[in-house]
There are 2 protein chains.
Amino acid sequence: MDDIWQSLGRERAASPFASGCASRVVLDHVTSKWGVLVLVALDEEPRRWGELRRRIEGISEKMLAQTLRALESDGFVLRESHGTVPPRVDYSLTPLGRELAEVLVPLVRWVGDNVHRTTVPLAASA
Amino acid sequence: MDDIWQSLGRERAASPFASGCASRVVLDHVTSKWGVLVLVALDEEPRRWGELRRRIEGISEKMLAQTLRALESDGFVLRESHGTVPPRVDYSLTPLGRELAEVLVPLVRWVGDNVHRTTVPLAASA
DNA sequence: CAGTATCCGCCATGATACTG
DNA sequence: CAGTATCATGGCGGATACTG
C-alpha cells in the first residue's frame with residue numbers, strides 16, 4: 001500500500017480515503033459550505049449569534065444553528081449562554097478549534113489571495 | 001470594518017464572507033466532499049482514472065467525473081488523454097494545484113491525526 | 001436577542017445501463 | 001479503460017412564522 005496516512009510511523013492517523021472512517025465525518029463538517037466560514041469568523045474573534053449572522057453574508061438562521069451545533073458537537077466551538085434577558089450567547093473556538101484554525105485559515109487565505117489566478121469564469125470580475 | 005481580508009494591504013484578496021464573491025465558488029469546489037480527496041490523491045502522485053476511483057473509496061463514477069471537471073475548469077487539475085485504444089488518461093496537479101495542495105494537505109493531515117481528540121461519536125472507534 | 005418549528009423545492013448524489 | 005446518459009431519491013438548504 002502507498003497510503004501515506006498509514007505509513008511513516010503515523011499509526012494513529014486516520015485515513016480519509018477509507019469510506020467508513022470518522023475523519024471523513026469531521027472533514028465534512030470542517031469543509032462544509034458554512035463550516036469553513038464559521039470557523040474562520042470565530043478565529044478572528046469570539047462573536048455573538050447575531051454578529052456571526054451578519055459577518056457571514058447569506059447564511060440562513062437554520063444553517064447557522066445547524067453548523068454551530070455540529071462544530072460544537074465535534075469539540076471545535078464553545079457555546080456560552082448567559083442566562084440573561086434578553087438572551088446573550090457567545091461563541092468562541094475551543095483550544096482544539098484554534099489548532100484547527102491554524103491549518104484552515106491558511107487555506108481560506110490562499111484561496112482568497114489566488115482566485116484571480118484560477119480560471120473560474122466569475123473570477124475575472126474581481 | 002474589521003475584515004482582515006481587506007485590511008493589511010491585501011487589496012487583491014477576495015473575501016469569502018461576501019456572498020457574491022468568486023472565492024466562495026472556488027472554496028466550494030476545493031472543500032467539496034470529493035474535491036478534497038481528489039486533490040490530495042493527486043498530490044500524492046499523478047494517477048489514472050481507474051486509480052483515482054480505487055484510491056477514493058466510495059466515490060461514484062459520476063461524482064469523480066464531475067469533481068475532476070470542476071477542478072480542471074478551475075485550473076487545479078491537468079487532464080492528459082493519450083489517444084490510444086484502450087484509452088489511457090492521466091490526471092495530475094497543475095502548478096497552481098500544487099500550490100493549493102501545500103495548504104490543503106496540512107488541513108487533511110491535521111484532521112486525520114486528530115480525529116481521536118474530537119468528540120465525534122464514531123471517533124471513539126478508532 | 002437567540003433561537004426553534006415547519007414546510008417545501010430543487011439539486012446534489014448515487015445506482016444502473018450503455019458506449020467509443 | 002474511461003467515461004457518458006438517464007433516472008430516482010433524499011436531504012441540503014432557504015423562507016417564513018413563531019417563542020422564551
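Every chain is numbered from 1 and lettered A, B, ... according to where its sequence line falls, protein lines coming before strand lines. Worth saying up front: this structure is predicted, and the values here are computed from it rather than measured.
- Between Arg48(A) and dA2(C) there is a side-chain N or O to OP1 or OP2 distance below 4.0 Å.
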| message | Does the protein touch nucleotides 11-17 of chain C at the base, only the backbone, or not at all? Give it as B, S and - per nucleotide, heavy atoms under 4.0 Å. | response | --BBB-B
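- Counting only residues at least two apart or on different chains, the side-chain hydrogen bond (donor to acceptor under 3.5 Å, both in side chains) pairs with a member in residues 29-39 of chain B are His29(B)-Asp74(B).
- Proximity note for Pro87(A) (side chain, C-beta onward) versus dG3(D), dA2(C), dG20(C): the nearest is dA2(C).
- Leu64(B) has its CG atom 10 Å from the C1' atom of dA2(D), to the nearest Å.
- For DNA chain C, runs of at least 3 consecutive pairs of the Watson-Crick or G-U wobble type, with both hydrogen-bonding distances under 3.5 angstrom, map to C:1-20 with D:1-20.
- Regarding Asp28(B), its CG atom lies at a distance of 13 Å from the C1' atom of dC12(D), rounded to whole Å.
- Clustering ILVMFWY residues whenever any of their side-chain heavy atoms sit less than 4.5 angstrom apart, transitively, puts Trp110(B) in the very cluster that holds Val30(A).
- Residue Tyr91(A) has a polar side-chain atom (N or O) positioned under 4.0 Å from OP1 or OP2 of dG3(C).
- Atom CH2 of Trp49(B) and atom P of dG20(C) are 17 Å apart (whole Å).
- For the pair Glu51(B) CD and dA2(D) P, the interatomic distance rounds to 8 Å; values are reported in whole Å.
- Not one side-chain nitrogen or oxygen of Arg47(A) sits closer than 4.0 Å to the OP1 or OP2 atom of dC1(C).
- Put simply, CZ on Arg54(A) is 7 Å from P on dC1(C), counting in whole angstrom units.
- Residues satisfying the side chain to side chain contact (heavy atoms under 4.5 Å, CB included) test with Glu102(A), not counting sequence neighbours, are none.
- Residue contacts shown for Arg53(A) are absent, as no nucleic acid heavy atom lies under 4.0 Å away.
- The side chain to side chain contact (heavy atoms under 4.5 Å, CB included) test applied to Arg69(A) returns Ala65(A), not counting sequence neighbours.
- The 5' end of DNA chain C is approached more closely, in terms of each residue's nearest nucleotide, by Pro86(A) than by the other of Pro86(A) and Ala65(A).
- Here dC12(D) presents its C1' atom at 13 Å from NE2 of His29(A), a figure rounded to the nearest Å.
- With salt bridges taken as basic N to acidic carboxylate O contacts below 4.0 Å, one links Arg47(B) and Glu44(B).
- To the nearest 0.5 angstrom, Ser19(B) atom OG is 12.0 Å from Ile56(A) atom CD1.
- Note that CG of Leu96(B) is 7.0 Å distant from CG of Leu100(B), once rounded to the nearest 0.5 Å.
- A side-chain hydrogen bond (donor to acceptor under 3.5 Å, both in side chains) check over residues 83-96 of chain B, counting only residues at least two apart or in different chains, returns the pairs Arg79(B)-Tyr91(B), His82(B)-Asp90(B), Arg88(B)-Asp90(B).
- Scanning both residues, Pro106(A) and Ala101(A), for their nearest heavy atoms gives CD-O, 3.8 Å.
- If you take CD of Glu80(A) and C1' of dG3(C), they are 17 Å apart, rounded to a whole angstrom.
- If you measure from atom CG of Asp90(A) to atom P of dA2(C), you get 8 Å, rounded to the nearest angstrom.
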